[in-house]
Amino acid sequence: MVIGALENAKSRGLINFKQIPEFLIEVPREKEHGDFACNVALLMAREARQAPRGIAEVLVELMEKSGHPVEKIEIAGAGFINFFLDRSWLYEIPLTVYNSKDKYGFNEKKAKKVQVEFVSANPTGNLHMGNARGGAIGDTLANILERAGYDVEREFYINDAGNQIKIFTDSMEARYLQLTGHDVQFPENGYAGRDLIDTVRNIIARYGENLYDLPREERRQIIADYALEEKIEYIKKTLASFGISYDLWFSEKSLHENGKIEAVLNDLREKGYIYESEGAWWFKSTAFGDEKDEVVLRANGMPTYFMADIAYHQNKFERGYDWVINVWGADHHGHVARMKGAIEALGYNPARLDILLMQLVRLYRAGNIVRMSKRTGTTVSLDELIEDVGKDAARFFFVMRSPDSHLDFDLELARQKSQENPVYYVQYAHARICSIFRQARAEGITLAGINEIDISCLKEEEELAILRKIADFPEEIAIAARTLAPHRIAHYVLDLAAMFHSFYNHHRVLNDNRALQDARLLLMEITRITIHNALGVLGVTAPEQM
RNA sequence: GUCCCCGUAGCUCAGCUGGACAGAGCAACGGCCUUCUAAGCCGUGGGCCGGGGGUUCGAAUCCCUCCGGGGACGCCA
């Protein structure tokens with residue numbers, strides 16, 4: 001319609017321009033500005049050497065309105081053209097939502113495979129707040145991508161090899177020997193968490209107190225194998241109680257054992273990206289814009305974590321994902337450039353790898369920062385957090401802020417089940433709607449057949465606002481997926497809940513006007529469905545009663 | 001020193017592929033429960049969008065620079 005007017009204006013010589021600029025038709029923030037707004041007149045002002053408002057007037061005059069559900073067109077502000085649609089399109093929404101139910105918000109299938117790897121905590125201790133945020137963000141993002149039409153797989157990379165495991169084993173061994181009556185020094189940089197002692201007790205229960213008598217390597221093997229398995233099981237259980245389940249738990253050790261690391265190293269060497277210096281072997285990541293090169297093979301012959309990670313990522317691409325997303329803590333940001341460089345060196349397009357860096361969590365208790373350190377064992381663990389504030393509040397809190405933003409998590413505040421906690425605000429909206437239906441059932445009222453309902457009874461501003469908001473949901477999912485912005489969904493559902501609460505306080509659903517009551521019951525049902533589905537994306541439950 | 005994130009209302013933050021008067025929650029103050037859950041609603045006050053330059057018809061949004069806070073710069077992961 002706009003383009004038609006532009007061409008018409010050009011051919012009549014009313015506006016001079018070479019090419020139609022890339023103008024936008026968008027939904028304005030303010031509803032006074034119509035359902036859609038177009039900025040083309042402002043963009044053309046310069047080239048056409050005319051005032052934007054003048055251009056807009058010419059265009060509006062020439063627009064062919066027939067065949068479009070446009071009620072009126074206004075020119076406003078500096079030269080925006082605002083379109084006001086009639087309401088017919090809004091009244092299509094309830095049918096769509098009602099028929100889609102749990103699937104409302106899902107976009108069309110894209111036939112693209114995307115993998116999201118997140119948490120991937122070291123299996124050497126409890127999950128801490130950083131892991132928890134990564135879990136909430138990663139899982140929510142995976143949910144968003146599924147609804148955006150991707151074929152999604154969730155993966156946990158188990159760092160069950162390398163130096164950390166050696167230190168872990170040292171610590172376990174020392175604890176074991178101490179607890180079985182041997183005078184052994186605890187390693188200086190060992191893991192001091194109390195949970196290790198519990199694990200050692202379990203080892204004693206299973207293998208007895210006489211592992212000291214075995215050859216050292218055999219003893220360490222038994223301890224390490226048992227401890228790792230127990231820790232991984234523990235992590236799986238904790239994440240499950242956080243609403244997260246993975247498609248694959250990928251073992252770093254397997255890369256070492258099946259020769260993949262060597263193979264990738266040789267591949268890179270042949271391509272000329274590996275060189276020797278100071279006794280070690282380096283990857284030339286500066287060739288891909290990194291600040292400095294990175295060791296992949298230590299002077300002692302052991303591959304570094306980075307080397308294993310290269311092999312791991314090659315494995316990911318070999319598995320045929322179109323898009324690979326890693327959720328990392330911001331402390332890994334220095335790793336991004338060389339990882340992408342390595343992907344490129346291996347011959348894959350680094351644009352297929354996205355790394356979502358999330359800023360760290362600061363934990364507060366009564367206004368004071370709680371230090372987090374696995375070494376000293378003073379962490380607040382994820383399962384303690386879930387016990388304290390509940391899965392729903394925790395997941396909502398972690399995902400509410402942009403990943404780019406530091407997260408201040410105040411334990412005292414989150415523990416309070418009060419109005420300060422936004423998750424209750426949304427859940428309350430859902431429970432309230434359910435309550436309306438309970439009340440209706442008690443009075444013998446049920447939702448009328450969808451085709452018997454006259455939706456155009458809904459004319460109140462609050463009602464139309466809810467309809468517009470619900471109509472936005474699929475697009476909101478698409479934007480959140482494209483921009484890797486899980487917090488958008490938290491904000492979306494807060495907005496929708498606010499609109500519902502406002503409606504609820506101004507109008508009654510159950511009333512004497514039968515046609516209006518039917519229409520409002522349907523409005524409530526599709527609102528409930530949308531809140532339910534949006535909370536589902538966040539991994540938060542939608543209670544029927546509170 | 002180099003790199004990344006942040007700096008918006010008293011507090012915590014959203015808005016950042018430039019657009020119409022800068023938004024929300026909490027806190028403060030004032031209203032609303034004889035009818036569907038007051039964990040709610042309605043209203044009031046509160047902002048050199050860290051400072052300064054630049055690009056643009058137009059900048060919280062893009063660029064440069066400075067300041068402040070956090071983080072990363074290991075043959076750790």
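Remember, predicted model here, so these are calculated numbers, not experimental data.
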If you assign each of Asp408(A) and His501(A) to its closest nucleotide in RNA chain B, which residue comes earlier from the 5' end?
Asp408(A)
Comparing nearest nucleotides in RNA chain B, the 5'-proximal residue of the pair Asn300(A), Phe437(A) is Phe437(A)
Given [options], identify the nucleotide with an atom nearest to the side chain of [X].
| X | options | answer |
| --- | --- | --- |
| His332(A) | A72(B), A39(B), A77(B) | A77(B) |
| Val509(A) | G69(B), C36(B), A14(B) | C36(B) |
| His406(A) | A14(B), G70(B), C4(B) | G70(B) |
| Asp331(A) | A39(B), A38(B), A72(B) | A72(B) |
| His487(A) | G40(B), C76(B), A14(B) | A14(B) |
| Asp404(A) | C75(B), C6(B), C36(B) | C6(B) |
| Ile436(A) | C36(B), A77(B), C5(B) | C36(B) |
| Gln359(A) | G40(B), C5(B), U12(B) | C5(B) |
| Arg401(A) | A39(B), A77(B), C13(B) | C13(B) |
| Leu360(A) | C36(B), C75(B), G71(B) | G71(B) |

May I ask you to evaluate whether [X] reaches the phosphate of [N], defined as a side-chain N or O under 4.0 Å from OP1 or OP2?
| X | N | result |
| --- | --- | --- |
| Lys292(A) | C3(B) | no |
| Arg362(A) | G71(B) | no |
| Tyr425(A) | C41(B) | yes |
| Arg298(A) | C76(B) | yes |

Tell me what [X] touches on the nucleic acid: a base, only sugar-phosphate, or nothing, going by heavy atoms under 4.0 Å.
| X | value |
| --- | --- |
| Gln427(A) | nothing |
| Glu278(A) | base |
| His430(A) | nothing |
| Thr483(A) | nothing |
| Ser405(A) | sugar-phosphate |
| Tyr504(A) | base |

Please check if any side-chain donor atom of Asn159(A) sits under 3.5 Å from a side-chain acceptor atom of Gln164(A), or the reverse.
no
Between Glu460(A) and His506(A), do the side chains contain a donor N or O and an acceptor N or O under 3.5 Å apart?
no
Given the [atom1] atoms of [N] and [M], what is the spacing between them in whole Å?
| N | M | atom1 | result |
| --- | --- | --- | --- |
| C67(B) | C48(B) | C1' | 16 Å |
| G50(B) | G15(B) | P | 15 Å |
| G51(B) | U8(B) | C1' | 15 Å |

Assigned partner base of [N], Watson-Crick or wobble definition, under 3.5 Å:
| N | value |
| --- | --- |
| U56(B) | none |
| G40(B) | C32(B) |
| C26(B) | G10(B) |
| C49(B) | none |
| C73(B) | G1(B) |

Quick one: sort the His332(A) and Trp328(A) rings into parallel, tilted or perpendicular, breaks at 30° and 60°.
tilted
Tell me whether the rings of Phe409(A) and Phe398(A) are parallel (<30°), tilted (30 to 60°) or perpendicular (>60°).
tilted
Stepwise ring-ring contact (aromatic ring centres under 6.0 Å, His included) test for Tyr246(A) and Phe118(A)
CA-CA 10 Å; Tyr246(A) 287 93; Phe118(A) 58 103; 4.9 Å; yes
Which atom names give the shortest non-hydrogen contact between Glu463(A) and Arg520(A), and what distance separates them?
OE2-NE, 2.5 Å
Using a cut-off of under 3.5 Å, enumerate the N/O to N/O pairs linking the protein to nucleotides 42-46 of chain B.
residue : atom : partner   : partner atom : Å
C42(B)  : OP1  : Ser502(A) : OG           : 3.1

About how many Å separate CD1 of Ile433(A) and CD1 of Ile531(A), when rounded to the nearest 0.5 Å?
4.5 Å
Between Arg401(A) and Asp408(A), does any NZ, NE, NH1 or NH2 come within less than 4.0 Å of an OD or OE carboxylate oxygen?
no
For Asp293(A), is there an ion pair with Lys284(A) - N to carboxylate O distance below 4.0 angstrom?
no
With the 90 degree cut-off around zero defining syn, does C33(B) come out syn or anti?
syn
Cation over ring, Arg338(A) on Phe283(A), under 6.0 Å and within 45°?
no
